[in-house]
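Before any comments, here is the structure.
Because the structure is predicted, anything quoted here is derived from the model rather than measured.
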Amino acid sequence: MLKRSVHALLLVLLVPALAAAVEGRVESTGGVPIEQARIDHPDSGAHTFTDGRGRFRLPDVEPPAELVVSHPRFHAQVVDLEASDTAELLVTLVAKQAIFEEIVVSANRGESVFAPVSVAAEMVEPDDQPAPPSSVTEMVTQVPGVSENGQGGLFQVYSVRGVSRQRILTLLEGT
């Protein structure tokens, strides 16, 4: 009997603590989840980060409240929560820079030379990523079979199925 009353008392104490939280999702304007976005509650100093699916949970915060959502590659956004907001919060962040290029990883030597492709070809679109890439290497390493090779910075190159350096032709914006 004593165990049941202790369990009931714990349940009564824990339910309000679990209810005092703001949950939501952060995504780009294209609907791609943003990982590692920071959510701050300036009044209490509480903060959290989004997971790989763009989801977050900020405990001990109840509406009405003001949240600041930020990420290095996106413009920060201030979100005002009203007391009536009980549903999951959806925050859409706008990228700081737009990318207008397309990268194609292919076995062909170019569009002018027609040859059947015997291996996979992959087209990389910058808009498909949650944030604008900071380099070409960062963008193409998302393709299966492509990896980073060499040192970081100026000497960083990428390898396509073990072939790298001068044996890979890189064309940016058709040049």
Side-chain angles (χ1 to χ4, degrees), residues 21-42 45-59 61 67-79 87-175:
V22 175
E23 295 183 5
R25 196 173 75 227
V26 179
E27 61 184 35
S28 67
T29 53
V32 179
I34 299 174
E35 185 177 1
Q36 292 301 312
R38 182 179 170 123
I39 294 86
D40 286 301
H41 182 244
H47 70 275
T48 188
F49 293 91
T50 56
D51 62 10
R53 296 179 297 152
R55 298 195 173 280
F56 70 90
R57 183 173 194 276
L58 192 60
V61 175
L67 301 178
V68 178
V69 182
S70 60
H71 189 278
R73 294 184 180 170
F74 293 88
H75 294 286
Q77 184 174 347
V78 177
V79 179
E88 181 182 76
L89 179 65
L90 175 62
V91 180
T92 304
L93 296 181
V94 178
K96 287 183 178 177
Q97 63 183 8
I99 298 177
F100 301 103
E101 60 187 297
E102 175 181 285
I103 295 178
V104 178
V105 177
S106 173
N108 283 341
R109 292 182 173 242
E111 293 179 15
S112 61
V113 179
F114 176 75
V117 178
S118 60
V119 293
E122 182 83 24
M123 186 174 299
V124 180
E125 296 284 344
D127 295 333
D128 293 342
Q129 297 188 355
S134 60
S135 68
V136 173
T137 304
E138 181 181 331
M139 189 169 174
V140 297
T141 54
Q142 302 299 319
V143 177
V146 179
S147 61
E148 293 180 2
N149 188 9
Q151 302 174 8
L154 182 62
F155 300 107
Q156 181 70 56
V157 295
Y158 51 92
S159 168
V160 179
R161 294 182 179 89
V163 177
S164 66
R165 302 206 184 272
Q166 293 84 5
R167 295 177 286 184
I168 296 178
L169 176 63
T170 303
L171 299 173
L172 296 178
E173 295 183 9
T175 58

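Taken from OG1 in Thr92 to CD in Gln77, the straight-line distance is 7.0 Å, to the nearest 0.5 Å.
Partners of Arg38 by side-chain contact (heavy atoms from CB on, under 4.5 Å), not counting sequence neighbours, listed by chain and number: Asp40, His47, Phe49, Ser70. Looking at residues two or more places apart in sequence or on another chain, you find a side-chain contact (heavy atoms from CB on, under 4.5 Å) between Glu148 and Thr137, Thr141, Gln156. Legend: residues meeting side-chain hydrogen bond (donor to acceptor under 3.5 Å, both in side chains) with Arg55, ordered by chain and number and at least two apart, are Glu88. Taking the ring-ring contact (aromatic ring centres under 6.0 Å, His included) definition, one finds that His71 meets it with Phe74, sequence neighbours left out.
Residues Phe56 and Thr48 come closest through the heavy atom pair CB-CG2, 4.1 Å. Residues Leu58 and His41 come closest through the heavy atom pair CD2-CB, 3.9 Å. Pro33 approaches Gly52 most closely through the heavy-atom pair CB-O, 4.3 Å.
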Task: side chain to side chain contact (heavy atoms under 4.5 Å, CB included) evaluation trace for Arg57 with Glu23 - done: CA-CA 4 Å; Arg57 183 173 194 276; Glu23 295 183 5; 3.0 Å; yes
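Here the side chains of Val91 and Ile39 are not in contact, with every heavy-atom distance at 4.5 Å or above.
Between the side chain of Thr50 and the backbone N or O of Ala37, at least one donor-acceptor pair lies under 3.5 Å.
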